[in-house]
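Since the structure comes first, as structure tokens, the remarks are kept for the end.
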Amino acid sequence: MKATLKYLAGIAGPSGYGSKTTAEQATRDFSNSSNSQLTAIITGATSGIGAETARVLAKRGVRIVLPARDLKKAEIVKEFIQKETPMAQIILLEIDLSSFASIQRFCAEFLSLQLPLHILINNAGKFSQKLEFSEDKIEMTFATNYLGHFLLTELLLEKMVETAEGSGIQGRIVNVTSVVHNWVKRDQFRFSQLLNPKKYYNGTRAYAQSKLANILHAKELSRQLKARNANVTINAVHPGIVKTGIIRDHKGFITDSLYFMASKLLKSTSQGAASTCYVALSPQTEGMSGKYFADCNESHSSVLANDEIEAHKLWKGTRVLIYRRFLPHVN
């Protein structure tokens, strides 16, 4: 009850920010001159909190690489950002996060540009009401939200480590997750079933499972990065329940009546992007890794999301799937 009242009132936490904080407010004290050295990749930035994250980081002087399946939409976002921030550097590259081959092409193209990489924001989200499969024959929500971002991170990680070593600036990876990860029970989280649900498919459950996987990914990769003394962090961020396409377009996620009753509780897009921008840029999050954030403050994720054995098991299973079955020539 206290947490709910705190959320509704927008009371600030230890960071000085709270649920009502916007992305601009969470970053307004950051120096544009120091950020002008930074390059960030932001997935899912053609709409919603991804587009707002790109706008605000660009306003703070960060060079933005915007991967998109629809380059026309990406061009619209680029023009919108540059109208406000004429000097913003924005690079558009094609990607389909549900396709391993497309992710490989994107990474090869980005690396060929020989740019540094300081920030990777795994923001894109997919919610499928009906059971769909990717071109790699994997359930679409899990393929896009988790596996696609896992592979993207894997293929760009050494560039991030190299950039951090050369520049002395800590690299930051942000996995955008959701509080609905709490809904997943241990017996519902089995890797083979996540890839190919053989029983009754439920879109909300599939979405929640993918978001739990995003947190476990952050936990395990954080452990590995610390073990190798790499100057790169990875954290998971819950943006809040935001007025985005996932809410509006998928009636299975939330009913019309619930949407009406909850409308006062939903965050604006700018409020939803605040935690991502805060974790990506704030000096207060320097050195913090393997954490879960909500409302611009470190928060608590589920017991299952904090299970180190589960996190390692998921990481190991994912590596085997990607590198042995689909991309044996990569690793």
Side-chain angles (χ1 to χ4, degrees), residues 43-44 48-50 67 69 95-100 102-103 120-154 173-221 234-242 244-247 249-250 252-254 272 276 292-294 301-302 304-307 310-311 313-319 321-322 326:
T43 69
I49 62 174
R69 187 171 56 181
I95 195 173
D96 178 351
L97 275 166
S98 71
S99 163
F100 294 156
S102 178
I103 294 166
L120 173 61
I121 299 178
N122 293 319
N123 166 79
K126 171 77 175 178
F127 180 95
S128 295
Q129 273 189 293
K130 298 179 181 179
L131 180 59
E132 300 177 75
F133 290 93
S134 70
E135 66 179 40
D136 299 306
K137 297 181 173 55
I138 296 170
E139 190 277 313
M140 186 65 80
T141 298
F142 194 67
T144 304
N145 295 358
Y146 168 67
L147 290 174
H149 284 128
F150 182 100
L151 179 59
L152 182 68
T153 303
E154 285 282 300
I173 304 169
V174 181
N175 283 359
V176 177
T177 181
S178 172
V179 72
V180 300
H181 80 272
N182 282 287
W183 300 351
V184 182
K185 298 178 181 178
R186 191 175 295 272
D187 61 1
Q188 297 174 337
F189 199 73
R190 293 183 180 146
F191 194 60
S192 60
Q193 293 178 5
L194 299 174
L195 300 174
N196 186 3
K198 293 181 179 178
K199 295 183 180 179
Y200 174 71
Y201 174 80
N202 180 282
T204 302
R205 181 172 59 194
Y207 182 78
Q209 290 167 333
S210 73
K211 291 303 176 179
L212 170 62
N214 290 146
I215 302 175
L216 291 170
H217 176 215
K219 297 283 185 181
E220 174 61 19
L221 186 53
I234 178 169
N235 292 289
V237 167
H238 165 52
I241 308 302
V242 185
T244 65
I246 285 180
I247 294 292
D249 298 340
H250 301 283
F253 189 77
I254 185 169
T276 301
Y292 173 78
F293 288 83
S301 53
S302 71
L304 184 55
N306 284 287
D307 189 323
E310 194 69 42
K313 185 169 69 174
L314 177 65
W315 179 86
K316 187 175 180 180
T318 305
R319 290 271 302 188
L321 173 77
I322 290 175
F326 295 103

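Values below: all heavy atoms of this structure, side chains included; hydrogens, waters and symmetry mates excluded.
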Quiz item: Would you say the side-chain atoms of Thr276 and Asn123 include a donor-acceptor pair closer than 3.5 Å?
Solution: no
Quiz item: Going by heavy atoms in the side chains, are Val174 and Asn235 under 4.5 Å from each other?
Solution: no
Exercise. Measure from the side-chain N and O atoms of His238 to the backbone N and O of Val179, and report whether any donor-acceptor pair falls under 3.5 Å.
Key: yes
Exercise. State the CD-CG distance between Gln209 and Asn202, to the nearest 0.5 angstrom.
Key: 8.5 Å
Quiz prompt | Listed partners of Pro67 passing side chain to side chain contact (heavy atoms under 4.5 Å, CB included), at least two apart | solution = Ile41, Thr43, Ile95, Phe106
Self-check item: Lys316: salt bridge (Lys or Arg N to Asp or Glu O under 4.0 Å) partners, not counting sequence neighbours
Solution: none
Quiz item: So how far is it from Phe100 CZ to Leu151 CG, rounded to the nearest 0.5 Å?
Solution: 6.5 Å
Quiz item: Where do Asn122 and Asn214 land on the side-chain contact (heavy atoms from CB on, under 4.5 Å) test, with the steps shown first?
Solution: CA-CA 9 Å; Asn122 293 319; Asn214 290 146; over 6 Å; no
Quiz item: Looking at residues at least two apart in the chain, or sitting in another chain, which of them share a side-chain hydrogen bond (donor to acceptor under 3.5 Å, both in side chains) with Asp96?
Solution: Ser98
Quiz item: Can you tell if the side chain of Thr153 reaches within under 4.5 Å of the side chain of Ile173, non-hydrogen atoms only?
Solution: yes
Quiz item: What is the minimum heavy-atom distance between Leu212 and Ser302, and which atoms define it?
Solution: CD1-OG, 4.3 Å
Practice problem: List for me each residue that meets side-chain hydrogen bond (donor to acceptor under 3.5 Å, both in side chains) alongside Ser99, sequence neighbours excluded, and say none if there are none. | Solution: Glu135
Exercise. Would you please name every residue forming a ring pair (Phe, Tyr, Trp, His ring centres under 6.0 Å) with His217, sequence neighbours left out?
Key: Phe150
Self-check item: For the student: nearest non-hydrogen atoms of Pro239 and Gly272, plus distance
Solution: CB-O, 3.2 Å
Quiz prompt | Validation row: Ile234, Asn175 side chains within 4.5 angstrom (heavy atoms) | solution = yes
Quiz item: Looking at residues at least two apart in the chain, or sitting in another chain, which of them share a side-chain hydrogen bond (donor to acceptor under 3.5 Å, both in side chains) with Lys219?
Solution: Asn306
Tell me which donor-acceptor pairs under 3.5 Å the side chains of residues 138-148 have, and how far apart each pair is, sequence neighbours excluded?
{"unit_1": "Glu139", "atom_1": "OE1", "unit_2": "Thr141", "atom_2": "N", "d": "3.4"}
{"unit_1": "Glu139", "atom_1": "OE1", "unit_2": "Phe142", "atom_2": "N", "d": "2.9"}
{"unit_1": "Glu139", "atom_1": "OE2", "unit_2": "Thr141", "atom_2": "N", "d": "2.9"}
{"unit_1": "Glu139", "atom_1": "OE2", "unit_2": "Thr141", "atom_2": "OG1", "d": "3.3"}
{"unit_1": "Glu139", "atom_1": "OE2", "unit_2": "Tyr201", "atom_2": "OH", "d": "3.2"}
{"unit_1": "Thr141", "atom_1": "OG1", "unit_2": "Ser128", "atom_2": "N", "d": "3.4"}
{"unit_1": "Thr144", "atom_1": "OG1", "unit_2": "Met140", "atom_2": "O", "d": "3.0"}
{"unit_1": "Asn145", "atom_1": "OD1", "unit_2": "Lys126", "atom_2": "N", "d": "2.6"}
{"unit_1": "Asn145", "atom_1": "ND2", "unit_2": "Lys126", "atom_2": "O", "d": "3.0"}
{"unit_1": "Asn145", "atom_1": "ND2", "unit_2": "Ser210", "atom_2": "OG", "d": "3.1"}
{"unit_1": "Tyr146", "atom_1": "OH", "unit_2": "Thr318", "atom_2": "OG1", "d": "2.6"}

Throw together a table of side-chain donor-acceptor distances under 3.5 angstrom for residues 186-194, partners on residues two or more places apart or in other chains.
{"unit_1": "Arg186", "atom_1": "NH1", "unit_2": "Asp307", "atom_2": "OD2", "d": "2.9"}
{"unit_1": "Arg186", "atom_1": "NH2", "unit_2": "Asp307", "atom_2": "OD2", "d": "3.2"}
{"unit_1": "Gln188", "atom_1": "OE1", "unit_2": "Lys185", "atom_2": "N", "d": "3.2"}

Quiz item: Would you find a donor on one side and an acceptor on the other, under 3.5 Å apart, between the side chain of Lys211 and the backbone of Val176?
Solution: yes
Quiz prompt | side-chain hydrogen bond (donor to acceptor under 3.5 Å, both in side chains) involving His181 - partner list, sequence neighbours excluded | solution = none
Practice problem: Check side chain to side chain contact (heavy atoms under 4.5 Å, CB included) between Asn196 and all other residues, then give those that pass, not counting sequence neighbours. | Solution: Phe133
Quiz item: Under 4.5 Å between any side-chain heavy atoms of Trp183 and Arg205, yes or no?
Solution: no
Quiz item: Of the non-hydrogen atoms in Leu216 and Ala305, which two are nearest, and what is the gap between them?
Solution: CD2-O, 3.5 Å
